[in-house]
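In what follows, residues are counted from 1 in the order of the sequence shown.
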Amino acid sequence: MGSEAVQLEVDGHSVRLSHPDKVWFPERGFTKLDVAQYFLAVQGGVTRALRRRPTTLQRFPDGVDGEFFYQKRAPKNKPDWLETARISFPSGRHADEICPDSPAAVLWAVNLGCLTFHPWPVRAPDTEHPDELRIDLDPQPGTDFRDAVAAAQTLREILDEYGLRGWPKTSGGRGLHVFIPIEPVEPFVEVRRAAIALAREIERRMPERVTTAWWKEERGERIFVDYNQTARDRTIAGAYSVRGKPHAPVSAPLRWDELDDADPRDFDLLTMQDRYAALGDVHADIDDHAYRLDPLLELAARDASEHGLEDLPYPPDHPKMPGEPRRVQPSRARRDPEKPSGSGD
């Protein structure tokens with residue numbers, strides 16, 4: 001296998017790609033160069049999804065059969081032309097993350113072994129106010145992509161009722177993501193509150209098929225609306241990202257009228273290039289819109305005043321938040337009812 005580096009010329013930059021013949025997807029035979037060429041083929045779409053967004057890189061330096069890790073901080077030896085943005089973690093610490101604004105920046109990350117880009121729902125320079133409300137429809141055991149589609153169609157009806165619009169995409173696995181562009185005026189806490197209200201409304205309309213239960217023991221065979229993907233420092237795989245699975249699936253932007261017939265396995269490193277050549281970026285117009293969250297925040301307020309529905313647990317690695325319920329599994333809470341409510345497990 002040849003290992004001589006190649007130089008890829010793009011955007012006026014020369015990006016070095018080491019070991020281009022290295023096989024990253026043994027089942028399909030796709031190489032590092034194949035991945036780079038894929039991202040060049042969809043460059044307009046992937047850079048649209050990442051523009052000015054601080055991004056965590058999911059790196060697979062030895063391909064999908066090897067170990068992977070997440071890189072949050074921009075390396076000190078990055079090129080001068082690579083943009084960064086400062087983000088704040090829940091702990092209060094800060095980091096400068098790369099913003100892959102250009103095809104050259106995407107290829108630079110690919111050279112480091114990056115397959116999946118995890119952009120924050122914010123855009124520099126304002127990294128404190130999300131400009132996307134992201135809904136993650138996560139199939140639980142016993143459910144599949146078709147169940148996620150049914151939940152997404154109900155979500156679409158709700159959004160329409162509230163004067164909102166979402167853009168759906170496959171996760172690259174069995175789930176679905178729906179991104180709603182919003183005005184960057186609300187902090188993370190309020191965006192998460194809107195996501196919880198939306199999730200609860202889907203659950204009300206599909207109680208046998210959808211759940212907001214944070215604890216897996218309570219979810220059953222239903223689609224989990226993972227509201228915590230809107231918490232600070234939680235990210236979702238970006239559009240056109242390649243997922244680290246043997247068949248090289250990608251997170252594929254879709255039109256609503258395609259959803260019922262879509263099969264996530266149809267979108268991979270090869271087929272997505274043909275689709276993009278034929279249709280372009282079907283989410284290209286998402287940045288032409290920005291909705292206010294007021295209708296959903298009003299729904300959250302009604303849930304609290306009329307139904308007594310308050311906050312839901314944060315992820316286990318997140319600091320305890322004001323008003324958050326006990327962060328302990330219900331089965332453990334029943335065994336240990338005297339445990340103080342302020343402690344988190």
Side-chain angles (χ1 to χ4, degrees), residues 2 5-53 55 57-61 63-64 79 81-83 98-119 167-173 177 179 236-255 258 262-287:
V6 296
Q7 297 291 137
L8 300 175
E9 304 296 328
V10 59
D11 293 337
H13 299 290
S14 182
V15 181
R16 182 177 184 272
L17 195 74
S18 63
H19 308 291
D21 297 332
K22 188 172 185 177
V23 176
W24 276 3
F25 291 89
E27 183 177 295
R28 304 289 302 275
F30 296 146
T31 65
K32 184 176 184 177
L33 181 59
D34 291 329
V35 173
Q37 290 173 333
Y38 160 75
F39 279 115
L40 282 175
V42 300
Q43 60 182 273
V46 69
T47 52
R48 185 270 308 158
L50 300 174
R51 182 175 60 88
R52 301 206 326 268
R53 297 195 184 281
T55 299
L57 309 180
Q58 188 176 1
R59 295 174 55 183
F60 297 77
V64 295
W81 49 263
L82 194 65
E83 298 294 329
I98 74 160
C99 298
D101 275 0
S102 66
V106 171
L107 292 184
W108 173 86
V110 169
N111 186 53
L112 297 181
C114 180
L115 292 176
T116 311
F117 295 86
H118 296 266
W167 278 253
K169 70 181 184 70
T170 66
S171 66
H177 303 150
F179 285 11
I236 290 177
Y240 300 100
S241 280
V242 183
R243 307 311 302 268
K245 298 180 180 180
H247 60 289
V250 303
S251 180
L254 299 174
R255 299 185 304 245
E258 298 179 293
D263 183 335
R265 291 188 66 91
D266 288 342
F267 308 106
D268 63 29
L269 198 67
L270 283 183
T271 62
M272 197 63 195
Q273 296 183 56
D274 294 335
R275 174 180 169 84
Y276 194 91
L279 300 177
D281 179 18
V282 298
H283 284 190
D285 64 334
I286 188 172
D287 290 337

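- Centroid-to-centroid, the aromatic rings of Phe30 and Tyr38 stay 6.0 Å apart or farther.
- A salt bridge links Arg28 to Asp268: at least one charged side-chain nitrogen sits closer than 4.0 Å to a carboxylate oxygen.
- Within the 4.5 Å cutoff, the side chain of Met272 has heavy atoms near those of the Pro253 side chain.
- For the pair Pro103/Phe39, no side-chain contact is recorded, criterion being any heavy-atom separation below 4.5 Å from C-beta on.
- At distances below 3.5 Å, at least one donor-acceptor pair connects side-chain atoms of Asn111 with backbone N or O atoms of Ser18.
- Residues Ser14 and Glu9 meet the side-chain proximity criterion, which asks for heavy atoms closer than 4.5 Å.
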Check step by step if side-chain contact (heavy atoms from CB on, under 4.5 Å) holds for Asp281 and Tyr276.
-> CA-CA 6 Å; Asp281 179 18; Tyr276 194 91; 3.9 Å; yes

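- The closest side-chain heavy-atom distance from Ile98 to Trp108 is below 4.5 Å.
- Looking at heavy atoms from C-beta onward, Leu107 lies out of side-chain contact with His13 at the 4.5 angstrom threshold.
- Arg243 contributes a side-chain N or O that, together with a main-chain N or O of Ser171, makes up a donor-acceptor pair within less than 3.5 Å.
- Interatomic distance, Arg52 CZ to Thr47 OG1, rounded to the nearest 0.5 Å: 13.0 Å.
- The structure places NZ of Lys245 at 9.5 Å from OG1 of Thr116, a figure rounded to the nearest 0.5 Å.
- In this structure, the side chains of Trp24 and Val242 stay at 4.5 Å or more apart for every pair of heavy atoms.
- Ring geometry for His283 versus Trp167: interplanar angle over 60°, hence perpendicular rather than tilted (30 to 60°).
- Of the possible donor and acceptor atoms, one in the side chain of Thr271 sits under 3.5 Å from a partner among the backbone N and O of Asp266.
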List the steps, then state whether side-chain contact (heavy atoms from CB on, under 4.5 Å) holds for Leu254 with Arg275.
-> CA-CA 11 Å; Leu254 299 174; Arg275 174 180 169 84; 3.8 Å; yes

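- Lys22 places a side-chain N or O within donor-acceptor distance of the main-chain N or O of Pro61, the cut-off being under 3.5 Å.
- A heavy-atom distance below 4.5 Å is not found between the side chains of Val10 and Val106.
- Side-chain N or O atoms of Ser251 include one that pairs as donor or acceptor with a backbone N or O of Thr170 at under 3.5 Å.
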